[in-house]
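Note that the structure is a prediction, hence the values are computed from the model and not measured. Worth knowing before you read on, the calculation uses all heavy atoms, side chains too, and leaves out hydrogens, waters and symmetry mates.
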Amino acid sequence: MRFLASTLVLSTVLLTTASCTKEPSQKETAKDAYLLTSFRDNGDGLHLAYSYDAKDWTDLDTIYLKPKVGSKLMRDPDIKQGPDGTYHMVWTSGWGDLGIGYAYSKDLQNWSEQKFIPLMENFEGAKLCWAPELFFDEAKQQFLIVWSTAIDNAPTPDDEFRAYYSLTKDFESFTDPALFFDPGFNNIDTTLLKQGSAYYAILKETDDQGAQDYGSIYAAKAESLLGPYTLLESPILLHKEQAEGPTVVDTAEGVVVYYDYYVNHRYGGKISKDWIQWEDVPGDIAFPDGQRHGSILSVPLELVESLRSQAASVAPQPALKGEFTADPAIRAFGDRYYIYPTSDRPYWNTKEFAVWSSPNLVDWEKETVFMDLRHDVSWANNKAWAPDCIEKDGKYYFYFCGEHSIGVAVADSPTGPFQDALDRPLIDNEKIKTFSIDPYAFIDDDGQAYLYFGNGTPTVYRLNDDMISFDGDPVEFPLKDFREGIVVFKRNGLYYFMWSIDDARSPDYRVGWGTSTSPYGPVTTPEENFIVLRQNGPAQGTAHHSIVNVPGTDRWYVAYHRHAIPGGGGYKRETCIVEMKFDAEGNILPMDPMSDPFADNPAGEPISLSSK
């Protein structure tokens, strides 16, 4: 399936039992979403990532504003919304600037002219202005700006770094800077949260790099915005962690503080319900590669969708919309098409399977989440990957991955409910040579069925008539540059083999092909156009596909996944469709993932049962 021969859906769907009811995603039930600000490198500009659960973050792959003021850096960007709907942003404009950058926007895409605010230019001994953050005081209808400053005439080195603040109603006039909070030690990166009637300041104790003494992250509490603040006894993050840039968000599960492990280039997080006990954030959290110190803001769902749609407009739309999906198995049953995908989750920690259907390959609807490994399978709880489904004699056989082994379930309908047929793996990864993932079923013209699978070594079993047991031992056969994802079909008496090459995280994850006169191979690959699907422009990681023939015709389509646009990668992918054509000699012609097969045919390919 992905990395094993050698990572928002947008949020986890909680399931109880396999059913035939439609399961709404967290996106569908959410009224608001979250945006995460960031910068890259030394301060290239404003980056945004979105999330529906404040855990799984997807980069929008766009620089929304490039710095033009101060030292022309944009670090530590912070955005807050005012009562009139305007978004105001402040940022660190340079390592030694005595002020900060400022701009405003109504939609986060079109920004005002940038302005440099010289907050500390007249403050004696001030050396810098770092990590500014905004907080809107509803009671006084004004913004507080809080930032970190170092003073070169401080009494001791331990008094050098402190948080200062200024107040403004219009970002034109500002109160003189004043000390915001003195915890008794050097600190930076203050961020604020109001919870109930209390105010909380989260701050980073500075690091002594030479002594390898790395400061903690603390919280302080006050009854009014300007304090006085009292340091809470329980640090959020202890010494030695080498983390900075805390940002805070109040969720239904508790207050979450994220922070930047600036040496290890990753993000971590702690959660608390009482500001005393801090624990790791439950479940998987995922941040964009390169994420640097920023802040989180809650925004209307419509704004996130507008930003996402704009960023995604550089390529054809995916077939399955609204969720991250991969490894699509496409089939035609009756008068509808079905896709059984992997439901992508952070780090491939997927637990459940869903099915989508369409009357025409254009209009897809999520039918049901019909199997949850945690409840419906006794031998696996995780890694629900790369399934396939096939019909024989009125029964539907669902071959699926779980914990690196392959199982089989049976149903009377293509949408389930499916029942585990064996209560154990059909193919146990511990008892087979290849890595046991990515099953693909093929029924030959004579009714004989085969099950192909493997990562690293292509392997096939001959299935018995019951479709849940094997006739004989597995057969291994070579495929050029094979990695995973075998697909087999027959056309004009010839067996076609297709497979995925490279790693699912690679932009050049691609599809090769060959033919054989036997379902067991050997497979002959063409000298020209061996690769028939690969990256083009923003469409990257284009592989792990399956094929469907429009019944009664010689028209063929490929369902495949690509890295999601925007912000995709090895476990943030989306399912797309492209038409597959052949030349006069029966060779598969290269397919372009930047082409829309239905751009001129919005009616798609309805199935005519009379032609079957």
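- Separation of atoms OH (Tyr261) and CZ (Arg266) is listed at 5.0 Å; rounding is to 0.5 Å.
- Checked against the 6.0 Å centroid criterion, the rings of Trp379 and Phe400 qualify as a close aromatic pair.
- Lys572 and Thr58 are linked by a side-chain donor-acceptor pair at a separation below 3.5 angstrom, with hydrogens and angles left out of the test.
- The aromatic ring centres of Tyr267 and Tyr258 sit 6.0 Å or more apart.
- For the atom pair CG of Asp423 and OG of Ser378, the computed distance is 3.5 Å after rounding to the nearest 0.5 Å.
- Ion pairing between a basic and an acidic side chain is recognised when a charged N comes within 4.0 Å of a carboxylate O; Asp53 and Lys55 show no such pairing.
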In sequence, state the C-alpha distance, the side-chain angles, and the governing distance for Ser413 and Thr415, and then conclude on side chain to side chain donor-acceptor pair (under 3.5 Å).
-> CA-CA 5 Å; Ser413 162; Thr415 60; 3.1 Å; yes
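- Contact check for Leu60 versus Leu307: side-chain heavy atoms found under the 4.5 Å cut-off.
- Side-chain contact check for Lys351 versus Asn382: some heavy-atom pair is nearer than 4.5 Å.
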Check the pair Asp592 / Leu533 against side chain to side chain contact (heavy atoms under 4.5 Å, CB included), numbers first and verdict last.
-> CA-CA 7 Å; Asp592 182 5; Leu533 183 60; over 6 Å; no
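- Ionic pairing of Arg510 and Asp508 is present here: one or more N-O contacts between side-chain nitrogen and carboxylate oxygen are shorter than 4.0 angstrom.
- Note: Tyr452 and Tyr440 fail the aromatic proximity criterion, with ring centroids not under 6.0 Å apart.
- Within 6.0 Å of atom CG in Asp473, 12 or fewer heavy atoms from other residues, nucleotides or ligands are found, so the atom counts as exposed in its surroundings.
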Take Asp393 and Lys395 through the test salt bridge (charged side-chain N to carboxylate O under 4.0 Å, His left out) and record every step on the way to the result.
-> CA-CA 6 Å; Asp393 299 331; Lys395 294 286 187 179; over 6 Å; no
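- Contact check on Glu323 versus Lys366 returns a salt bridge, with a Lys/Arg side-chain nitrogen under 4.0 Å from an Asp/Glu carboxylate oxygen.
- Gln448 CD: more than 12 foreign heavy atoms inside a 6.0 Å radius.
- Centroid-to-centroid, the aromatic rings of Tyr34 and Tyr50 stay 6.0 Å apart or farther.
- Across every non-hydrogen atom of Gly570 and Arg505, the tightest pair is CA-CG, 3.7 Å.
- The ring-ring contact (aromatic ring centres under 6.0 Å, His included) test with Phe497 singles out one residue from Phe442, Phe482, Trp513, Phe477, and that residue is Phe477.
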Quick one: do Ile271 and Glu253 satisfy side chain to side chain contact (heavy atoms under 4.5 Å, CB included)? Show the steps, please.
-> CA-CA 8 Å; Ile271 188 170; Glu253 295 177 298; 3.8 Å; yes
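- Of all heavy-atom pairs spanning Ile588 and Met498, the tightest one is CD1-SD, 3.9 Å.
- Side-chain atoms of His404 and Phe435, non-hydrogen and from C-beta on, do get closer than 4.5 Å to each other.
- The distance between the ring centers of Tyr560 and His544 does not fall below 6.0 angstrom.
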Is there a side chain to side chain contact (heavy atoms under 4.5 Å, CB included) between Glu484 and Ile437 once you walk through the steps?
-> CA-CA 8 Å; Glu484 58 196 8; Ile437 58 173; 4.3 Å; yes
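- A salt bridge between Arg345 and Asp56 is absent, with no side-chain N of the basic residue lying under 4.0 Å from a carboxylate O of the acidic one.
- Ring centroids of Tyr399 and Tyr340 are separated by 6.0 Å or more, keeping the two rings apart.
- In terms of heavy atoms, Phe353 sits closest to Cys401 at CZ-O, 3.6 Å.
- No side-chain heavy atom of Asn492 sits under 4.5 Å from any side-chain heavy atom of Leu494.
- Note that CG of Asn455 and OG1 of Thr459 are 10.5 Å apart. Values are rounded to the nearest 0.5 Å.
- Distance check: Trp385 CH2 to Glu403 CD gives 9.0 Å after rounding to the nearest 0.5 Å.
- Closest heavy-atom contact between Val362 and Ser358: N-OG, 3.5 Å.
- Contact between Gly567 and Asp61 at its shortest, heavy atoms only, is N-OD2, 2.8 Å.
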When you look at Ser357 and Glu367, which way does the side chain to side chain donor-acceptor pair (under 3.5 Å) test go after all the steps?
-> CA-CA 7 Å; Ser357 77; Glu367 291 283 349; 2.5 Å; yes
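- Under the 4.5 Å side-chain criterion, counting only non-hydrogen atoms from C-beta, Leu373 is not in contact with Glu352.
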So Thr575 and Thr325, side chain to side chain donor-acceptor pair (under 3.5 Å) or not? Walk me through it.
-> CA-CA 6 Å; Thr575 295; Thr325 57; 2.8 Å; yes
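- Residues Met591 and Met580 meet the side-chain proximity criterion, which asks for heavy atoms closer than 4.5 Å.
- The structure places CZ of Arg462 at 12.0 Å from OG of Ser469, a figure rounded to the nearest 0.5 Å.
- With a 6.0 Å radius and a threshold of 12 heavy atoms from other residues, nucleotides or ligands, Asp363 has its CG atom above the threshold.
- Looking at Leu36 and Trp57, their side chains come closer than 4.5 Å, going by heavy atoms from C-beta outward.
- Residue Asp289 qualifies as open at atom CG: its count of foreign heavy atoms under 6.0 Å is 12 or below.
- In summary, the aromatic rings of Tyr509 and His561 are positioned with their centroids under 6.0 Å apart.
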Quick one: do Lys270 and Glu279 satisfy salt bridge (charged side-chain N to carboxylate O under 4.0 Å, His left out)? Show the steps, please.
-> CA-CA 5 Å; Lys270 295 288 186 180; Glu279 300 175 348; over 6 Å; no
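- The pair Arg573-Asp344 meets the salt-bridge criterion, since a charged nitrogen lies less than 4.0 angstrom from a carboxylate oxygen.
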Report the C-alpha separation of Tyr557 and Tyr337 in whole Å, then their side-chain angles, then the decisive distance to 0.1 Å, and conclude whether the ring-ring contact (aromatic ring centres under 6.0 Å, His included) test is met.
-> CA-CA 11 Å; Tyr557 291 87; Tyr337 301 94; 8.0 Å; no
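- Separation of the Phe489 and Trp556 ring centroids falls under the 6.0 Å cut-off.
- Closest of all the heavy-atom pairs between Val578 and Pro597 is CA-CG, 4.1 Å.
- The 12-atom threshold is not exceeded at NZ of Lys433, counting heavy atoms of other residues, nucleotides or ligands nearer than 6.0 Å.
- Tyr338 does not carry Arg331 over the face of its six-membered ring by the limits of under 6.0 Å from the centre and within 45° of the normal.
- Once rounded to the nearest 0.5 Å, the distance linking NZ of Lys490 with OG1 of Thr515 reads 13.0 Å.
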Please report the C-alpha distance between Phe398 and Asp420 in whole Å, then the side-chain angles of each, then the deciding distance to 0.1 Å, and finally whether the side chain to side chain contact (heavy atoms under 4.5 Å, CB included) criterion is met.
-> CA-CA 9 Å; Phe398 181 70; Asp420 187 0; over 6 Å; no
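- Centroid-to-centroid, the aromatic rings of Tyr496 and Phe582 come within less than 6.0 Å.
- Surrounding CG of Asp600 are at most 12 heavy atoms belonging to other residues, nucleotides or ligands under 6.0 Å away.
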